[in-house]
Amino acid sequence: MKSSSELIEEGIIYTFGDGEIDKAISLAKNYGLTDLVTKFENAVAFKKDKDSFKRHYEGDNGRKAGDQILYSIPDIRQFKAMEHIRALQAESLLDIGCADGSFCFFCLQENIVKQVLGVDPFINGIAWANQYATEHFPDRARFMQGILEDATIDPEYDVIYMGEILEHVLDPVQSMKRALSFSRNLKGIVITTPVERPPLLEHEKTLVHPVMEHIRFIDEKVLEGYCKETGLVMAKTERVGTGWVNLVATLKLP
């Protein structure tokens with residue numbers, strides 16, 4: 001049986017993992033959990049340091065490029081996002097945070113869009129995506145290695161996808177505004193973000209920095225606030241999945 005102090009610490013870690021950063025740090029300080037405060041503050045500092053952020057996401061981080069597109073199918077979150085994009089009747093897709101391009105390739109396979117561009121810092125993922133695109137979707141898909149903040153993209157894409165992005169960044173509003181600058185004829189932005197998670201695994205409790213990457217909790221109310229700051233409206237929202245439950249939303253200009 002866990003002691004009360006262990007339960008308190010676990011609850012605070014849950015709070016941080018849900019993205020309630022300030023509340024988690026305040027609670028950790030109030031209970032004298034100085035080591036936990038340091039881990040939390042380091043995690044936030046990591047997100048603020050663009051070079052550290054970029055270096056971390058350039059690595060594999062347990063990912064193997066190509067695994068999903070070669071050996072699996074879209075997960076339920078991706079299926080739902082594909083439905084949202086199809087409903088927009090888009091011609092071209094900009095996938096910000098595309099990893100190894102799997103979502104882009106699924107959209108091309110299903111004829112949801114005609115052209116895709118993916119952007120991500122994942123070095124091996126982008127290299128694999130460009131090779132796969134050359135072999136299977138020549139002249140229809142291309143991929144850029146880098147982070148959103150540094151990207152230079154022609155504003156020719158009519159739908160933007162941000163899958164599992166906003167919960168990772170320190171300033172979601174600025175990320176959304178940056179994404180908006182890449183489309184002059186926007187039909188919509190489709191985002192996904194976790195709103196519920198399964199219980200913490202034992203190893204997750206010790207890996208606060210930088211592995212605990214979700215530093216923001218974004219539900220419908222929070223997202224609506226972001227939309228007001230970016231001049232968007234929430235056109236459609238759904239929750240999908242069990243364990244990890246995701247909010248899938250289509251955002252549009254009014």
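Residue numbers count from 1 along this sequence.
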Would you say Glu220 has more than 12 foreign heavy atoms packed within less than 6.0 Å of its CD?
-> yes

Report, as yes or no, whether the 6.0 Å neighbourhood of atom OH on Tyr31 holds more than 12 heavy atoms from other residues, nucleotides or ligands.
-> no

Where do [X] and [Y] come nearest, in terms of heavy atoms and distance?
{"X": "Ile12", "Y": "Ala24", "value": "CG2-O, 3.5 Å"}
{"X": "Lys50", "Y": "Asp150", "value": "NZ-OD1, 2.9 Å"}
{"X": "Ala28", "Y": "Val37", "value": "CB-CG2, 3.5 Å"}
{"X": "Gly188", "Y": "Lys252", "value": "CA-CG, 4.4 Å"}
{"X": "Pro138", "Y": "His136", "value": "CD-C, 3.4 Å"}
{"X": "Ala249", "Y": "Thr237", "value": "CB-CG2, 3.8 Å"}

Establish whether [X] and [Y] are linked, either directly or via other cluster members, by ILVMFWY side-chain heavy-atom contacts under 4.5 Å.
{"X": "Phe103", "Y": "Ile69", "result": "yes"}
{"X": "Phe79", "Y": "Leu247", "result": "no"}
{"X": "Ile85", "Y": "Leu186", "result": "no"}
{"X": "Ile126", "Y": "Ile165", "result": "no"}
{"X": "Leu180", "Y": "Met162", "result": "yes"}

Say you draw a straight line from [atom1] of [X] to [atom2] of [Y]; how long is it, rounded to the nearest 0.5 Å?
{"X": "Phe182", "Y": "Ile153", "atom1": "CZ", "atom2": "CD1", "answer": "4.0 Å"}
{"X": "Trp244", "Y": "Ile76", "atom1": "CH2", "atom2": "CD1", "answer": "15.5 Å"}
{"X": "Asp35", "Y": "Phe40", "atom1": "CG", "atom2": "CZ", "answer": "11.5 Å"}
{"X": "Leu148", "Y": "Ile96", "atom1": "CG", "atom2": "CD1", "answer": "5.0 Å"}
{"X": "Glu83", "Y": "Glu110", "atom1": "CD", "atom2": "CD", "answer": "11.0 Å"}
{"X": "Thr192", "Y": "Lys80", "atom1": "OG1", "atom2": "NZ", "answer": "13.0 Å"}

Can you tell if the side chain of [X] reaches within under 4.5 Å of the side chain of [Y], non-hydrogen atoms only?
{"X": "Asp95", "Y": "Phe143", "value": "no"}
{"X": "Val190", "Y": "Met82", "value": "no"}
{"X": "Asn61", "Y": "His56", "value": "yes"}
{"X": "Ser4", "Y": "Leu7", "value": "no"}
{"X": "Leu232", "Y": "Leu253", "value": "yes"}

With side chain to side chain contact (heavy atoms under 4.5 Å, CB included) as the test, would you mind laying out the steps for Tyr226 and Leu251 before giving the verdict?
-> CA-CA 11 Å; Tyr226 294 164; Leu251 316 178; over 6 Å; no

Check whether [X] reaches the backbone of [Y] with its side chain - one donor and one acceptor, N or O, closer than 3.5 Å.
{"X": "Ser181", "Y": "Arg178", "value": "yes"}
{"X": "Gln145", "Y": "Pro121", "value": "yes"}
{"X": "Thr230", "Y": "Lys177", "value": "no"}
{"X": "Thr250", "Y": "Lys236", "value": "no"}
{"X": "Asp100", "Y": "Ala129", "value": "no"}
{"X": "Ser183", "Y": "Ala179", "value": "no"}
{"X": "Asp120", "Y": "Cys98", "value": "yes"}
{"X": "Asp219", "Y": "Lys221", "value": "yes"}
{"X": "Glu6", "Y": "Ser3", "value": "yes"}
{"X": "Asn185", "Y": "Asp158", "value": "no"}

Is a donor from one side chain sitting under 3.5 angstrom from an acceptor on the other, for [X] and [Y]?
{"X": "Gln68", "Y": "Gln78", "value": "yes"}
{"X": "Thr193", "Y": "Glu167", "value": "yes"}
{"X": "Tyr161", "Y": "His84", "value": "no"}

Take Leu117 and Tyr157 through the side chain to side chain contact (heavy atoms under 4.5 Å, CB included) test and state the conclusion after the steps.
-> CA-CA 9 Å; Leu117 171 64; Tyr157 298 90; 3.3 Å; yes

For the residue pair Phe105 and Trp128, does the interplanar ring angle fall in the parallel (under 30°), tilted (30 to 60°) or perpendicular (over 60°) class?
-> perpendicular

Which word best sums up how the rings of Tyr132 and Phe137 line up, parallel for under 30°, tilted for 30 to 60°, or perpendicular for over 60°?
-> tilted

Using the side chain to side chain contact (heavy atoms under 4.5 Å, CB included) rule, take Arg77 and Glu164 through it: C-alpha gap first, then chi angles, then the decisive distance, then the call.
-> CA-CA 10 Å; Arg77 165 186 59 88; Glu164 310 295 279; 3.3 Å; yes

Which one of Ile160, Leu88, Val113 satisfies the side chain to side chain contact (heavy atoms under 4.5 Å, CB included) criterion with Leu93?
-> Val113

Evaluation steps, side chain to side chain contact (heavy atoms under 4.5 Å, CB included), between Ile189 and Met176 = CA-CA 9 Å; Ile189 296 179; Met176 291 168 66; 5.7 Å; no

